[in-house]
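No hydrogens, no waters, no symmetry mates; every other heavy atom, side chains included, goes into these values. Reminder, nothing fancy here: chain letters follow the sequence lines and each chain counts from 1.
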Amino acid sequence: MSVVERYQSFKESEQANRYREEALRFAWRFRQNPMSLFGLGMILLLILIAIFAPYIAPNPAHAGWRGEPAVDFGNAWHEPSLAHPFGTDQAGRDILSRVIFGTRLSLILGLVVLTIAIGIGVPLGLIAGYVGGIPSTIIMRTTDVFLSVPPLVLALAVTVPLQPGLVTAMLAISIVWWPWYTRLVYGEVVSVREQDFVEASRGLGTGRLRIIFREILPNVTAPITVKFSLDMGYAILVGAGLGFLGLGAQPPTPEWGTMVAQGRIHLPDRWWLSTFPGLAIFLTVLAFNFLGDGLRDIFDVEVD
Amino acid sequence: MGFRSYLLRRAILTIPVFIGLTLFIFLLARVLPGDPARMALGPRATDEAVAALRIEMGLDDPLHIQYLNYMGGLLQGDMGIALTTNRNVFTDVLAFFPATLELVITAMFLAVLFGIPLGIIAALNKDRLGDNLSRLIAFFGVSMPVFWAAILIQLAIAYNLGLLPPSGRIGVDRPEWYTGFLIIDSIIALNFEALRSTLAHLALPAFALALAPMADVARMTRSSFIEEYNEDYVRALETQGLPGRLIAYKYVLKASFASTLTIIGLDFGFLIGGAFLVEIVFSWPGLARYGVRAILENDINAVMGVVLVIGAVFIIVNLIVDVLYGFLDPRVRYGEGSSA
């Protein structure tokens, strides 16, 4: 082994050690924070429920994951019981089964919305923060306009020319969401770009794109991660809100917000129709808030 | 820089946002797929009828002319005709907005009324039971879907216990219209029966709407209270022998209020968003319910009007908050200022 090779393998193991150390420190701080552990546990559980929904749900056919949900009019309007822990609806469908499948829709909605929002928002924030000048002004003034309308109201307006449905809801919420990431990344970049390590890299003749992606981007991943976790909850809330207003997933899709709206017609007598899907939204959002709050403490960052 | 020039500069900053907002709403209505004339007339209208309406609505003009016409109309309070009510959208907005504002402002009031004490309890019991409990309540508040919370509250208090009315805005004859705010109008008319009924109808929706901002206010008050408590002047006051309670309520609370104020401004937007959901649950005859109906019936003029007015109010509220913030904390005036 040549000297150079030995040096390189030493550097690599050094690097690996550092990563391992960081991971351990992270895990330790995570353990100190029972709420975020609880949140993480709940989220893992929700992911498992979503994946294995067909095997967990007592009556998978009632969810109508593909095509029309089955009906069972003989069992309509059952109150919660051992056979139907969440009761049944007007068509005799098992609410528990529908709520279980609804987990899939909410998690997918949150993921898709935030992937699009981050995909648009982060690059724009990097450009606005690092390049500056006219592009920066245009980008940041555009975010001002987007942020001048309450998110739910803006999302509602975007759905107007489109056919109501889950895809429309996801699209509308994504359009509303990206400016938050642009603004977050912009703030971080502005605070980092004049620091010595960036200057040094620039002095070495590193290209702009390389500086943005190799030097600056790693510094904004922590706040983005925290915001992602908190926003999963909020995006799911807004998605459920659109569903509740009849502008998101359409019945009989087992989307939680839609189910609450459908059940509301039969209040106050059939209280279980709205109560359990709503409880599912609440617990899911709570889990992401617990996790996000814990991550915020661990990374020690401020978001929004 | 004096307070007046700060005020002026901050007010001027909102103008481009206003113009951007109108441009955005205009583009939303014109550029997204879907023909407004076709949407207005429905799928069964003949092509001739659609073409005629397109000309009447000026949809065949070049885009920039259409925008200028739209802006010109706006400046005269003309937002076009709402297809669902057949009235000028501006008239509709004036008729429906007071109900929503009354609801939102009451909710904000409740959020501050309960949120600040909750935050102070948490701060004074830092890392003890009271703190953890109030933190948990705050987590619950921001995680609950507001429409679900509204339904549960309605079920429990209105339907099961029968304590308060489950829906509507007033149960007796409305007092004469002065402001559209029923609390104010019934006080002006000295109609206490109407006032009682208004407050009874307002209580549940306002409380449901207040849950999330209450949690935010509590969290913000807690953190700024703790931060402020560590300042040197508090030690100085303590050594002078001032009672802890006096320090907490007279000095620390006042100083920490500035940051609570920003939360109020931010949450105002979320409250209006939440009103869209709460108004449906409680059959509240406000702008949000009007807006939802307009959206469901593809009434594009009405939707544009509602979004514009809500955006404008949100911008103005944030302006007021910024100005108050600069008033409470002179450092803001001399620094860059916040440009949210």
Task: chain A contact via F276(B) - side chain, backbone, both or neither, heavy atoms under 4.5 Å - done: both
Open item on the list: At a heavy-atom distance under 4.5 Å, which candidate from F139(B), Y159(B), F268(B) has the highest pair count against chain A?
Closed with: F139(B)
Task: Interface residue of largest heavy-atom contact number with chain A, from V142(B), L271(B), I25(B), under 4.5 Å - done: V142(B)
Open item on the list: Please classify the contact between V146(B) and chain A as side chain, backbone, both or neither, with a heavy-atom cut-off of under 4.5 Å.
Closed with: neither
Open item on the list: Under 6.0 Å from the ring centre and within 45 degrees of the ring axis: does the NZ or CZ of R135(B) meet both conditions for the six-membered ring of F140(B)?
Closed with: no
Open item on the list: Counting only non-hydrogen atoms closer than 4.5 Å, does P268(A) touch chain B with its backbone (N, CA, C, O), its side chain (CB onward), both, or neither?
Closed with: both
- [ ] Looking only at non-hydrogen atoms, find the nearest pair between L136(B) and F290(A) and report the distance.
- [x] CD1-CZ, 4.1 Å
- [ ] Under 4.5 Å heavy-atom distance to chain B, tell me which part of F288(A) shows up: side chain, backbone, both or neither.
- [x] neither
Open item on the list: Let's go through D299(B) and R293(B) carefully: what are the C-alpha distance in whole Å and the side-chain angles of both, what is the deciding distance for salt bridge (Lys or Arg N to Asp or Glu O under 4.0 Å) to 0.1 Å, and is it a yes or a no?
Closed with: CA-CA 8 Å; D299(B) 186 346; R293(B) 213 182 65 184; over 6 Å; no
- [ ] Could you tell me if the ring centre of W272(A) sits under 6.0 Å from that of H78(A)?
- [x] no
Open item on the list: Looking at chain A, which one of V307(B), I280(B), N160(B) has the largest number of heavy-atom pairs inside 4.5 Å, strictly under?
Closed with: I280(B)
Open item on the list: I'd like to know if the side chain of D293(A) and the backbone of N289(A) have a donor-acceptor N/O pair within less than 3.5 Å.
Closed with: no
TODO: Run the ring-centre check on F146(A) versus W180(A) and record whether the distance is less than 6.0 Å.
DONE: no
TODO: Search all heavy atoms of I19(B) against all heavy atoms of Y67(B) and return the closest pair with its distance.
DONE: O-OH, 3.6 Å
TODO: Go through the atoms of L247(A) and report whether side chain, backbone, both or neither lie under 4.5 Å from a heavy atom of chain B.
DONE: side chain
Task: chain A contact via F24(B) - which portion, at a heavy-atom distance below 4.5 Å - done: side chain
- [ ] Would you mind checking which part of L152(B) comes under 4.5 Å of any heavy atom in chain A, side chain (CB onward), backbone (N, CA, C, O), both or neither?
- [x] side chain
- [ ] Pick one of side chain, backbone, both or neither for V17(B), based on which atoms fall under 4.5 Å of a heavy atom in chain A.
- [x] both
- [ ] Check whether T159(A) gets within reach of chain B through its side chain, its backbone, both or neither, counting any heavy atom under 4.5 Å.
- [x] side chain
Open item on the list: So, taking the atom named CZ in F276(A) and the one named CD1 in I95(A), what distance separates them when rounded to the nearest 0.5 Å?
Closed with: 9.0 Å
Open item on the list: Please check if the number of heavy atoms outside I265(A) that lie under 6.0 Å from its CD1 is greater than 12.
Closed with: yes
Open item on the list: At a 4.5 Å cut-off on heavy atoms, which part of R289(B) comes close to chain A: side chain, backbone, both, or neither?
Closed with: neither
Task: Taking every non-hydrogen atom, the tightest pair across F96(B) and P285(B) - done: CD2-O, 3.6 Å
Task: When A288(B), A275(B), P145(B) are compared by non-hydrogen pairs under 4.5 Å with chain A, the top option - done: P145(B)
Open item on the list: Under 4.5 Å from any heavy atom of chain B, what part of L279(A) do you find: side chain, backbone, both or neither?
Closed with: both
Open item on the list: Quick check for you: among T143(A), V260(A), L156(A), which has the greatest number of heavy-atom pairs under 4.5 Å with chain B?
Closed with: L156(A)
- [ ] Among the options I300(B), V292(B), L277(B), I315(B), pick out the one with the most heavy-atom pairs lying under 4.5 Å from chain A.
- [x] L277(B)
- [ ] Could you tell me whether the side chain of Q250(A) and the main chain of G248(A) form a donor-acceptor pair under 3.5 Å?
- [x] yes
